[in-house]
Amino acid sequence: MKRYLITGASRGIGRAIAEKLAAPDVALLLHGRDTVALADVCKTVKPHCAGVVDLIHDLAVTSGVSDLIAAVGKDPLDLLVNNAGVAIVKLVGEITSIEWQQTVGINITAPFLLTQYFAPKMPPGSSIVNILSIAAKTGFANWSTYCMSKFALEGFSQSVREELRDRKIRVINIYPAATNTDIWKSVEGNWPREKMISPNDVASAVAYALSRPADVALENISLSSLAGNL
């Protein structure tokens, strides 16, 4: 039985990935902060996989990451999906220190700590998937903290990829353009969500990359709407 850990699985891209990867030989370890939403995801995927575990932890603080690691247990993972993220959209002068620290905690420190702990125990043929963003390659006005965090995770994951290559562990980076998720409810402005790519589009890309032969690494996938990056 394979063990897959997906962070930020209660909605959006994380939920779509969980639904896409559910299989009879897979145990899904699904992390989130919204107890009700995560329970609904678990209920949806449970009939289609070998088992499902809900993990309610706050990845903004290191103690939350430690609690998540302890809950996952000592058995090795076959897949780690670093998907949980937060976006603060403000002028740089308006960003609070708490918002900065939260962004660093969830978007950078949590993937670092999870990768640091689980990667050494992962068997050959395993994969680490990082849900990055086009914001890992391009800066956008009012998105400075988000872009900073994605740029940082980009550099980190590129280095880890080279460290794990000889152990035949793939590091797959996904770069979606604007994706129609609930994140836009908290972002000011009139965003054309109907023109955005869907979480299922991102999940399909992840599933395709994972489906390649074990000695083939589809390492970087960029996804964009034909309408543009918005």
Side-chain angles (χ1 to χ4, degrees), residues 5-17 30-35 37-38 55-69 80-119 128-160 171-189 191 193 196-197 199 202 206 220 222-223 229-230:
L5 171 59
I6 304 171
T7 66
S10 58
R11 54 174 52 87
I13 292 173
R15 174 171 187 150
I17 293 173
L30 304 181
H31 158 268
R33 288 187 295 173
D34 186 326
T35 303
L38 189 60
L55 303 162
I56 308 293
H57 301 283
D58 183 3
L59 301 188
V61 293
T62 55
S63 59
V65 181
S66 298
D67 291 342
L68 172 60
I69 289 172
L80 167 62
V81 180
N82 289 310
N83 168 71
V86 62
I88 304 299
V89 184
K90 289 183 175 181
L91 291 169
V92 65
E94 298 175 354
I95 299 166
T96 68
S97 60
I98 293 176
E99 290 170 335
W100 175 270
Q101 291 164 11
Q102 182 186 44
T103 300
V104 170
I106 296 175
N107 294 9
I108 305 175
T109 304
F112 158 68
L113 292 174
L114 294 175
T115 301
Q116 182 185 53
Y117 181 83
F118 290 115
I128 297 172
V129 174
N130 298 302
I131 305 300
L132 292 167
S133 166
I134 58 168
K137 300 180 178 182
T138 303
F140 297 96
N142 300 332
W143 292 77
S144 58
T145 55
Y146 186 74
C147 291
M148 170 278 302
S149 66
K150 294 301 183 179
F151 268 73
L153 188 56
E154 162 79 358
F156 172 72
S157 59
Q158 284 192 23
S159 297
V160 170
V171 176
I172 301 166
N173 291 345
I174 310 294
Y175 306 89
T179 306
N180 189 9
T181 67
D182 286 349
I183 192 174
W184 298 101
K185 293 180 179 178
S186 60
V187 179
E188 291 186 7
W191 299 93
R193 293 178 59 175
M196 298 178 181
I197 62 174
V202 182
V206 172
N220 301 297
S222 296
L223 299 168
N229 290 333
L230 304 177

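Sequential numbering from 1 along the given sequence is applied to the chain's residues.
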Check whether any side-chain heavy atom of [X] lies under 4.5 Å from a side-chain heavy atom of [Y], and answer yes or no.
| X | Y | answer |
| --- | --- | --- |
| Met148 | Trp100 | yes |
| Ile172 | Val206 | no |
| Ser222 | Ile134 | no |
| Leu30 | Leu55 | no |
| Val104 | Ser149 | no |
| Ile69 | Leu114 | yes |
| Leu153 | Asn107 | no |
| Ile131 | Lys150 | no |

Tell me the closest heavy-atom pair linking [X] and [Y], and the distance in Å.
| X | Y | answer |
| --- | --- | --- |
| Gln158 | Glu154 | NE2-OE2, 2.5 Å |
| Gly139 | Cys147 | CA-SG, 3.9 Å |
| Gly85 | Ile106 | CA-CG2, 3.7 Å |
| Leu38 | Gly32 | CD2-N, 3.7 Å |
| Ala84 | Leu59 | CB-CD1, 4.1 Å |
| Phe140 | Ala135 | CE1-CA, 4.0 Å |

Please round to the nearest 0.5 Å and tell me the distance separating atom [atom1] of [X] and atom [atom2] of [Y].
| X | Y | atom1 | atom2 | answer |
| --- | --- | --- | --- | --- |
| Phe118 | Leu5 | CZ | CG | 5.5 Å |
| Asp58 | Gln102 | CG | CD | 7.5 Å |
| Phe156 | Thr115 | CZ | OG1 | 4.5 Å |
| Tyr175 | Asn220 | OH | CG | 4.0 Å |
| Leu80 | Asn130 | CG | CG | 7.5 Å |
| Asp34 | Ser10 | CG | OG | 5.5 Å |

Are Val202 and Ile197 close enough, and set up right, to give a side chain to side chain contact (heavy atoms under 4.5 Å, CB included), and what steps lead you there? CA-CA 8 Å; Val202 182; Ile197 62 174; 4.1 Å; yes
Test side-chain hydrogen bond (donor to acceptor under 3.5 Å, both in side chains) on Asn83 and Thr7; report intermediate values, then the result. CA-CA 5 Å; Asn83 168 71; Thr7 66; 5.4 Å; no
Positive for side chain to side chain contact (heavy atoms under 4.5 Å, CB included) with Ile88, one of Ile98, Thr96, Asn142, Thr145: Thr145
Between Lys137 and Phe151, is NZ or CZ placed under 6.0 angstrom from the six-membered ring centre and within 45° of the ring axis?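 No, Lys137 and Phe151 do not form such a contact.
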Take Lys90 and Glu99 through the side chain to side chain contact (heavy atoms under 4.5 Å, CB included) test and state the conclusion after the steps. CA-CA 10 Å; Lys90 289 183 175 181; Glu99 290 170 335; 2.7 Å; yes
From CA spacing to verdict: side chain to side chain contact (heavy atoms under 4.5 Å, CB included), Leu132, Ile174: CA-CA 6 Å; Leu132 292 167; Ile174 310 294; over 6 Å; no
Hey, does the side chain of His31 reach the backbone of His57 with a donor-acceptor pair shorter than 3.5 angstrom? yes
